[in-house]
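Okay, structure first, notes after.
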Amino acid sequence: MNTVKLDRRLGLWSVVLFGLAYMAQLAHPGADFASADAAGVEIARAIGSDVFVTVFLITLAVAQFTSGLAAQTSVGRLLYAMGRDRVLPALFGRLHPRWLTPASNLLLVGTIGLGALAMDVATSASFINFGAFLGFVAVNLSVIALYLKGDRRMRALGVLGCVVVPASGTLCDVFLLWHLDRHARMLGLGWLVLGVLWLGWQTRGFRHAPPGMPVDRDRAG
């Protein structure tokens, strides 16, 4: 996909999301709810009648089911690709002999996902956001590292675009990480340490390049 088109779509979706958040604030000013887990229901009731609440709940249930299914299948396929390319143990790179799908990976992801049944919305969101914020920190630091290495693309953006802005983003992400749920921080940091140890083992103490995952750039767009 063309980078310019992708930027435009991301910008459009940002405007849409900000607009929805603004309208929700008009319908229900403030952040005081009887239950934080049912905030959407309270906002829906403030907008319309019980019929609107029913439509909202049905739509939410369908959206959550499809979103969860897409996440489970995509993670299962990612684990398969990493196992196939020896980034992870070969166990993850196996396909079911009949269905030709990474069935064991899908079962593993689904089993772990069942743990969310014992969590509230805030805790579940913290677990998801930890990985997202950590990824943002890595991206920002990568921009600074490329600039310091003298990358011509980064040099063209100058100190403001390649040092000041990503450094500010890093500080904001670290601040948000620190204020996530304590259990999310503990598990996330433990998972990060495990990943660093695994990478160190694969690279023989960081002396060799890590295994690569080939990407078909023509298909990736």
Side-chain angles (χ1 to χ4, degrees), residues 1-26 31 63 67 70-71 74-75 77-79 81-82 85 87-88 121-182 184-200 202-221:
M1 181 182 294
N2 187 282
T3 304
V4 176
K5 292 182 179 180
L6 179 60
D7 291 341
R8 289 176 179 174
R9 292 182 183 183
L10 291 175
L12 177 60
W13 276 112
S14 298
V15 173
V16 171
L17 292 175
F18 276 113
L20 292 175
Y22 176 73
M23 288 187 287
Q25 188 64 210
L26 292 178
S67 176
S74 60
V75 171
R77 288 175 62 86
L78 177 61
L79 292 175
M82 297 177 73
D85 298 326
V87 178
L88 290 178
V121 174
T123 303
S124 300
S126 292
F127 277 96
I128 297 173
N129 289 333
F130 184 94
F133 290 143
L134 188 62
F136 297 153
V137 169
V139 169
N140 285 318
L141 293 179
S142 297
V143 172
I144 297 175
L146 286 175
Y147 178 82
L148 295 178
K149 285 185 175 181
D151 187 280
R152 289 183 297 176
R153 296 169 299 175
M154 298 296 106
R155 288 289 181 181
L157 298 176
V159 177
L160 178 62
C162 292
V163 178
V164 177
V165 173
S168 301
T170 300
L171 292 176
C172 291
D173 292 330
V174 171
F175 175 81
L176 293 172
L177 274 171
W178 184 255
H179 286 81
L180 291 177
D181 182 83
R182 179 174 62 88
R185 295 201 308 269
M186 293 175 59
L187 183 60
L189 289 174
W191 190 249
L192 175 62
V193 170
L194 182 62
V196 172
L197 293 176
W198 175 254
L199 181 62
Q202 284 197 315
T203 58
R204 303 298 185 267
F206 303 100
R207 293 191 298 269
H208 303 282
M213 295 179 62
V215 177
D216 189 338
R217 297 189 179 278
D218 293 335
R219 294 184 179 181

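Residues take their numbers from the sequence shown, with the count starting at 1. Owing to the predicted nature of the structure, the values given are computational and were not obtained by experimental measurement.
Side-chain contact between L189 and F130 is present, with heavy atoms from C-beta onward closer than 4.5 Å. In this structure, the side chains of I144 and N140 stay at 4.5 Å or more apart for every pair of heavy atoms. Using a 4.5 Å heavy-atom threshold, the side chains of N129 and L176 count as separate. Between V139 and F136 there is no side-chain heavy-atom pair separated by less than 4.5 Å.
Scanning both residues, P166 and V143, for their nearest heavy atoms gives CG-CG1, 4.1 Å. Smallest separation of non-hydrogen atoms from R207 and R204: CZ-O, 2.9 Å. For the pair L180 and F133, the tightest heavy-atom approach, listed with the atom from each and the gap, is CD1-CD1, 4.0 Å.
Separating the CG atom in L146 from the CG atom in L141 is a distance of 11.0 Å, to the nearest 0.5 Å. Here the CG atom belonging to L88 is positioned 7.5 Å from the CD atom belonging to Q202, to the nearest 0.5 angstrom. We find the OG-NZ distance between S142 and K149 to be 9.5 Å, quoted to the nearest 0.5 Å. Once rounded to the nearest 0.5 Å, the distance linking CG of L187 with CG of L192 reads 11.5 Å.
Formation of a donor-acceptor pair under 3.5 Å by the W198 side chain with backbone atoms of V87 is found in this model. Not one N or O on the side chain of R185 forms a donor-acceptor pair closer than 3.5 Å with the backbone of L177.
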